[in-house]
Amino acid sequence: MTAALACLALGAAVAGCTRSAAAEKPSASKEPTAQQMLDAANDTMKALRSVTVDANAFDASGEDRSTRLRTDLKGRCASKTTWATGRSLEEMRIDGTDYVRTNQGRWSAAPSREAKPEEGITGCTWPFTTFGVAKKRKPTEVNGSPARRLLVTDKADGGGTYTFYIATEGKPYILKVVYEGAVYHSITTFSAFDEPLDVRPPAT
């Protein structure tokens with residue numbers, strides 16, 4: 001699985017679209033395609049100043065985990081991951097410094113430039129990129145908000161499927177992404193769009 005697909009699995013815009021005068025006319029045939037809807041949603045998400053991401057992942061190894069990430073999608077964020085085993089990891093990235101603590105221990109600090117990907121330090125960015133082939137599914141709701149479901153498949157994923165839930169009222173935010181694979185699945189929700197982000201350095 002590519003890095004972008006993996007990030008979307010773990011956990012997952014009209015700003016970039018233009019419409020012609022003809023497209024303004026109400027017509028079912030002029031409704032955006034699934035791919036256009038996904039592009040528009042990704043553009044909207046990338047333009048956010050802040051967002052909260054809640055991801056729940058489940059796999060056959062029993063390493064089920066949940067993560068909440070509050071981020072400005074650039075260089076300031078805070079996250080907490082909790083595993084089914086009871087282990088937890090809290091992280092912050094603020095002004096070039098990473099703060100980390102496990103299971104309510106003491107915070108440790110180190111320059112962000114020294115963080116190694118294999119150490120699992122959370123990044124503040126998110127890969128809102130279009131991939132695979134998208135197909136429309138029936139409208140639905142996510143926490144009371146009207147949404148359109150888009151089923152996305154990608155050969156690079158080896159058989160897994162993604163279902164994107166795109167808001168159909170107001171801005172086309174991505175509200176939820178559900179990934180289903182042979183041995184792994186996840187549910188990722190997005191909320192608190194552009195709300196104030198209060199992430200401050202902890203006492204170390």
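Along the sequence shown, the residues carry numbers beginning at 1.
Taking the six-membered ring for Trp and thresholds of 30 and 60 degrees, Tyr179 and Tyr162 have ring planes inclined between 30 and 60 degrees apart.
Within the cation-pi definition used here (under 6.0 Å to the ring centroid, within 45° of the axis), Lys176 qualifies as a partner of Tyr165.
Val51 is listed as a side-chain neighbour of Thr71, based on a closest heavy-atom distance under 4.5 Å. Inter-residue side-chain proximity for Leu48 and Asp194 is flagged as met; some heavy-atom pair is nearer than 4.5 Å. Looking at Lys138 and Arg149, their side chains come closer than 4.5 Å, going by heavy atoms from C-beta outward. Residues Trp126 and Leu69 form a side-chain contact, since some pair of their non-hydrogen atoms from C-beta on lies under 4.5 Å apart. Looking at heavy atoms from C-beta onward, Arg65 lies in side-chain contact with Asp59 at the 4.5 angstrom threshold. With contacts defined as side-chain heavy-atom distances shorter than 4.5 Å, the pair Thr97/Pro201 does not qualify. Side-chain atoms of Lys80 and Ser88, non-hydrogen and from C-beta on, do get closer than 4.5 Å to each other. The closest side-chain heavy-atom distance from Arg87 to Thr102 is not below 4.5 Å.
Expressed to the nearest 0.5 Å, how far CG of Asp72 lies from CD1 of Ile94 amounts to 10.0 Å. A distance of 10.5 Å separates CG in Leu197 from CD in Glu195, rounded to the nearest 0.5 Å. Residue Leu38 holds its CG atom at 11.5 Å from CZ of Phe128, rounded to the nearest 0.5 Å. We find the CD-OG1 distance between Gln36 and Thr130 to be 11.0 Å, quoted to the nearest 0.5 Å. Annotation: the span from Met37 atom CE to Lys136 atom NZ amounts to 6.0 Å, rounded to 0.5 Å. Here CZ of Arg148 is found 10.5 Å from CZ of Arg137. Values are rounded to the nearest 0.5 Å.
Residue Asn143 qualifies as open at atom CG: its count of foreign heavy atoms under 6.0 Å is 12 or below. Within a 6.0 Å sphere centred on CZ of Arg76, other residues, nucleotides and ligands contribute more than 12 heavy atoms.
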Go through it in stages, so that I can follow the logic: the residues are Lys74 and Arg49, the test is side chain to side chain contact (heavy atoms under 4.5 Å, CB included), and I'd like the CA-CA distance, side-chain angles, deciding distance and then a yes or no. CA-CA 9 Å; Lys74 294 179 181 178; Arg49 296 185 298 275; over 6 Å; no
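Screening residues 133-153 for ring pair (Phe, Tyr, Trp, His ring centres under 6.0 Å) gives no qualifying pairs among residues at least two apart or on separate chains.
Here the shortest heavy-atom pairing between Glu63 and Thr85 reads OE2-CG2, 4.4 Å. Minimum heavy-atom separation, Asn56 to Ser66: OD1-CB, 3.1 Å. Taking both residues in full, the closest heavy atoms of Ala203 and Trp107 are given as O-CD1, 3.6 Å, listed atom of the first, atom of the second, then distance. Among all heavy-atom pairs drawn from Gly75 and Cys124, the shortest one is C-SG, 3.6 Å. Annotation for Ser79 and Thr67: closest pair CB-CG2, 4.5 Å, computed over non-hydrogen atoms. Summarising the geometry of Ala41 relative to Ile166, their closest heavy-atom pair is CB-CD1, 3.7 Å, with the distance given to 0.1 Å.
For Gln35 (side chain) and Ala134 (main-chain N/O), a donor-acceptor pair under 3.5 Å exists by modelled atom type. The closest donor-acceptor contact from the side chain of Thr161 to the backbone of Thr153 lies at 3.5 Å or more, if one exists at all.
Using a 4.5 Å cut-off between side-chain heavy atoms of Ile, Leu, Val, Met, Phe, Trp and Tyr, with links allowed through other members, Met45 and Ile187 fall into the same hydrophobic cluster. Taking hydrophobic clusters as Ile, Leu, Val, Met, Phe, Trp and Tyr residues chained together by side-chain heavy-atom distances below 4.5 Å, Val142 does not share a cluster with Leu151.
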